[in-house]
Amino acid sequence: MMKQSFFTLQNKNISYIWLFSICLYTGMWLSKYFHPLLFNAHDALKNFGISYSVMAMTGAFSFFYGKIIAKHSLQKGLFVGCILYSIGMFLRIYTDLTASIFSGMIAGMGASISLICLSSWPFSETAENARNKLFEHSLHAANMARGLIVTIVGVIFISLTELIDVKKIMIMASLLPITGFILCRSHIPNHLPKKIQQKTASIDAIKKTGVLHLCIYSVISGFCTSFIIPYLPILLEEQAISGGQILIVLGVSSLITATTQPYIVKQISNRKITHFFLISTIFLGTSTFLLVISNSGILPLAMIITLRFISANAVFYTQRVIEMRLVDNDRASERMGLIQSAFLIGDMFGGGIAGIFWSTGQIKFIIMAIGIFIIINGIYLLKVYKHYKKHEIKEATSI
């Protein structure tokens with residue numbers, strides 16, 4: 001019998017989380033890239049900035065949304081989240097200030113709720129391997145959607161700019177989240193995640209402390225991310241390539257990341273999670289450092305960006321595995337919402353000052369420092385996790 005391939009999704013739960021993720025992230029990335037184009041065409045970039053800021057601020061309340069979801073079911077949460085996100089994305093076709101504020105608020109709330117539910121979905125499985133598998137396929141779908149959409153948009157920029165109707169594309173994108181929910185509704189968990197086992201008071205306290213440290217790690221991670229990801233096109237532009245070519249480079253890098261993910265996950269499963277997290281973090285920090293010291297042209301820079309994407313994907317996967325070990329199934333929505341809020345707060349704070357440094361042109365040493373900071377932050381999380389494992393083993397041997 002042939003060995004089951006990565007794409008042979010025999011487990012229905014895996015199949016449907018992959019399908020839902022494809023729909024959600026395809027709509028997300030389509031809207032993300034055509035949203036500023038539409039506003040720019042109508043001389044409304046100021047309103048676009050306001051809409052984006054409102055969306056980020058609304059998303060920072062993920063900890064509150066997570067508490068509400070915890071009182072109901074993931075299925076109800078995803079229904080509300082997808083409806084709101086679809087409405088918010090649809091409203092982006094209107095470029096006036098009032099519509100921009102409402103679209104940002106509704107889309108931010110809908111996206112946050114949907115992502116909390118999606119990150120909590122794997123907790124419906126009681127076995128760790130099953131949870132990891134669900135998250136693996138959701139992450140793979142996200143990378144595939146981003147890679148395909150960014151590449152397609154790049155091709156459109158180069159060859160079909162005058163032939164596309166941006167509004168129609170954005171309307172189509174707005175339908176995808178709710179379409180994903182409708183297609184997968186019967187397979188979305190309709191219950192709160194269950195407890196795996198009874199916890200001792202000390203382990204419960206250690207886990208609560210661990211979640212707090214995860215929040216600190218996420219704030220720093222969001223801060224570092226806001227200095228790099230939004231400004232990758234600028235680094236590529238300095239190599240004298242066009243906007244369409246820039247998107248193609250970023251899209252192909254994402255597709256390579258999605259293609260290599262099964263191999264990366266296999267390597268992680270065969271090694272200690274702590275070892276692979278450390279190695280991936282070092283690669284992520286190093287590739288960040290290299291972004292601003294490479295002056296050898298577009299190809300070396302594209303290779304560094306691809307390495308950074310692959311490293312970031314590996315870090316995120318191993319980080320989520322650590323999160324799933326520190327977060328109890330019955331508190332998944334609440335705790336994942338808290339962690340998501342922490343990341344967005346760091347992202348907002350960093351985003352607020354990153355533009356200042358980039359606009360002055362004095363960014364080289366800041367990015368090098370960010371690369372080092374990424375490694376230090378990873379070591380910090382590793383120490384927190386090892387502290388938890390030490391107490392878990394101690395409790396297990398004392399029973």
Side-chain angles (χ1 to χ4, degrees), residues 17 20-21 24-25 28 54-88 104-126 131-132 134-135 138-139 142 177 180-181 184 188-196 199 204-222 225 316 319-349 381 384 388:
I17 198 171
F20 176 79
S21 298
L24 178 69
Y25 285 109
M28 181 183 294
V54 170
M55 183 177 68
M57 285 188 287
T58 307
F61 287 92
S62 294
F63 68 93
F64 175 70
Y65 310 143
K67 285 186 177 182
I68 296 176
I69 294 167
K71 296 178 180 179
H72 301 282
S73 69
L74 294 183
Q75 189 177 108
K76 291 178 181 177
L78 268 180
F79 174 70
V80 172
C82 289
I83 285 286
L84 290 174
Y85 197 25
S86 288
I87 292 172
M105 181 175 63
I106 297 171
M109 188 182 300
S112 295
I113 293 172
S114 298
L115 291 174
I116 292 168
C117 291
L118 186 58
S119 63
S120 301
W121 189 335
F123 287 90
S124 62
E125 297 284 353
T126 55
R131 293 199 304 273
N132 292 350
L134 285 178
F135 172 66
S138 177
L139 181 60
F181 175 83
C184 304
I188 297 170
N190 195 30
H191 55 79
L192 292 175
K194 300 175 182 178
K195 292 182 180 181
I196 296 178
K199 310 182 294 294
D204 191 32
I206 290 293
K207 281 192 171 185
K208 286 180 179 178
T209 304
V211 170
L212 175 61
H213 286 293
L214 277 170
C215 288
I216 296 171
Y217 170 85
S218 296
V219 169
I220 297 171
S221 180
T225 299
F316 184 56
Q319 172 197 333
R320 185 52 58 87
V321 172
I322 290 172
E323 289 173 358
M324 288 191 288
R325 290 178 180 178
L326 287 171
V327 173
D328 291 316
N329 284 34
D330 55 320
R331 305 294 298 276
S333 298
E334 182 180 342
R335 297 287 169 83
M336 298 308 286
L338 193 62
I339 293 168
Q340 183 171 296
S341 282
F343 180 88
L344 290 172
I345 289 170
D347 187 41
M348 279 194 304
F349 179 68
L381 180 60
V384 170
Y388 159 71

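All figures in this text were calculated on a predicted structure; none of them were measured in a lab. Start at 1 with the first residue, then count along the sequence.
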Taking it one step at a time, do Y25 and F20 satisfy ring-ring contact (aromatic ring centres under 6.0 Å, His included)? CA-CA 9 Å; Y25 285 109; F20 176 79; 8.6 Å; no
Using 30° and 60° as the class boundaries, would you call the ring planes of F181 and F79 parallel, tilted or perpendicular?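 Ring orientation of F181 relative to F79: tilted.
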Just wondering, do [Y] and [X] contact through their side chains at under 4.5 Å, heavy atoms?
{"X": "V384", "Y": "L214", "result": "no"}
{"X": "T58", "Y": "Y65", "result": "yes"}
{"X": "C215", "Y": "V219", "result": "no"}
{"X": "M336", "Y": "M324", "result": "no"}
{"X": "F343", "Y": "Y217", "result": "no"}
{"X": "I113", "Y": "Y85", "result": "no"}

Search all heavy atoms of [X] against all heavy atoms of [Y] and return the closest pair with its distance.
{"X": "L78", "Y": "S114", "value": "CD2-O, 3.7 Å"}
{"X": "S119", "Y": "R320", "value": "CB-NH1, 3.3 Å"}
{"X": "V211", "Y": "R335", "value": "CG1-CD, 3.8 Å"}
{"X": "E323", "Y": "I339", "value": "OE2-CG2, 3.7 Å"}

When you measure from the side chain of [X] to the backbone N and O of [Y], does any donor-acceptor pair fall under 3.5 Å?
{"X": "Q75", "Y": "I188", "answer": "yes"}
{"X": "S86", "Y": "I83", "answer": "no"}
{"X": "S62", "Y": "S112", "answer": "no"}
{"X": "S138", "Y": "L134", "answer": "no"}

Spatial distance of atom [atom1] ([X]) from atom [atom2] ([Y]) [nearest 0.5 Å]:
{"X": "I87", "Y": "C82", "atom1": "CD1", "atom2": "SG", "result": "11.5 Å"}
{"X": "M57", "Y": "M109", "atom1": "CE", "atom2": "CE", "result": "12.5 Å"}
{"X": "K67", "Y": "L338", "atom1": "NZ", "atom2": "CG", "result": "8.0 Å"}
{"X": "W121", "Y": "L74", "atom1": "CH2", "atom2": "CG", "result": "9.0 Å"}

